[in-house]
Amino acid sequence: MDNIFFTHPEHIIGNHLELVDQEAAHASKVLRFNVGDELYASDGKGSLYKTKVSSISKKSVFADILETDQEPEPKTKKVMVFGAIKKRDRLEFAVEKAVELGAWEICVFNADHSERSKINEDRLQSIVISAFKQSKRRWLPEVKYLSSLDDVFKQYQGYHSVMAHVEAEVQRPEPLKHEKNLLLVGPEGGFSDREIELAKDKGAHMISLGKNRLRAETAALTMLSQYLFTE
Ligand code: SAM
């Protein structure tokens with residue numbers, strides 16, 4: 001099972017599924033699947049399908065579902081929240097690594113110190129899908145774009161927050177104790193005093209990511225790495 005394809009849940013009907021667009025082109029033109037070949041696909045909602053290709057073209061691949069394996073939702077949800085990073089490649093790196101490291105959702109917000117730049121949401125979505133497939137995850141993280149940290153707290157009411165703060169006491173973070181968690185990292189310019197106060201007001205736990213000051217994208221992946229084995 002070297003390759004797992006992604007299929008939207010609406011493209012699964014009864015015992016059949018369809019790959020479209022880039023997924024179909026990848027299966028037919030790059031990997032040269034043929035009718036009768038075994039193909040694995042995931043719907044990003046926990047299901048992995050073992051299928052047999054029934055028809056194939058560069059625009060569409062139809063397959064019959066032979067077996068379905070459903071992975072339950074993780075008990076502990078880690079939402080990776082970070083202030084928008086201006087440099088496109090660094091933002092893409094942060095998003096890709098967040099998928100690989102098990103973020104349940106990814107939330108990019110306009111922080112007080114974020115430098116405004118246009119985010120190409122379609123491009124980020126294809127990076128998310130490609131990292132999802134590469135890392136053989138079953139649950140596809142949704143990416144949300146919010147306009148402030150205030151909106152983050154409104155959107156994720158009932159979540160426990162952990163904020164990476166450069167001035168927090170340098171010590172190893174404690175394991176996550178809650179089921180729904182927001183992991184907050186600031187943009188290149190850091191969190192504003194207002195955002196730090198807001199987070200404290202919302203009960204955020206301030207943590208250190210070590211004595212060195214990390215770039216925002218390094219901080220995001222380091223944050224998730226701290227909780228890698230929290231299921
Ligand atoms: N000049 C900024 C400041 O002093 O806050 C630096 C911001 S840093 C490049 C970007 C973000 O990464 C920070 O807002 C923080 O969330 C996180 N970060 C970087 N290094 C960290 C560390 N050693 N401990 C905790 N958080 C860190």
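Numbering of ligands and ligand atoms starts at 1, following listing order. Everything numeric here is computed off the predicted structure, so don't read it as measured data. All values below come from the heavy atoms of this structure, side chains included, with hydrogens, waters and symmetry mates left out.
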Name each N or O atom in ligand 1 that is under 3.5 Å from a protein N or O, and give the partner atom and the distance.
from, atom 1, to, atom 2, distance (Å)
ligand 1, 16 (O), A164, O, 2.6
ligand 1, 16 (O), G186, N, 3.0
ligand 1, 20 (N), L214, N, 2.9
ligand 1, 23 (N), G210, O, 2.8
ligand 1, 23 (N), N212, O, 2.7
ligand 1, 24 (N), L209, N, 2.8

Using a strict 4.0 Å threshold on nitrogen-to-oxygen distance, state whether E92 and R123 make a salt bridge.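 Yes, charged N to carboxylate O under 4.0 Å.
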Cationic N near anionic O, under 4.0 Å, R138 to D69: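 Here R138 pairs with D69 in a salt bridge, since their nearest N and O are under 4.0 Å apart.
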Could K78 and W104 be counted as a cation-pi pair, given that NZ or CZ must be under 6.0 Å from the ring centre and within 45° of the axis?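 No cation-pi geometry.
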With M80 as reference, evaluate L184, L183, L221 under the side chain to side chain contact (heavy atoms under 4.5 Å, CB included) test and give the passing residue.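 It is L183; the other options fail the test.
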Taking the six-membered ring for Trp and the full ring for Phe, Tyr or His, determine whether the centres of F33 and F5 are under 6.0 Å apart.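 For F33 and F5, the ring centres are under 6.0 Å apart.
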Surrounding CG of D193 (heavy atoms of other residues, nucleotides or ligands, distance under 6.0 Å), is the total greater than 12?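 For D193, atom CG is not crowded (no more than 12 foreign heavy atoms under 6.0 Å).
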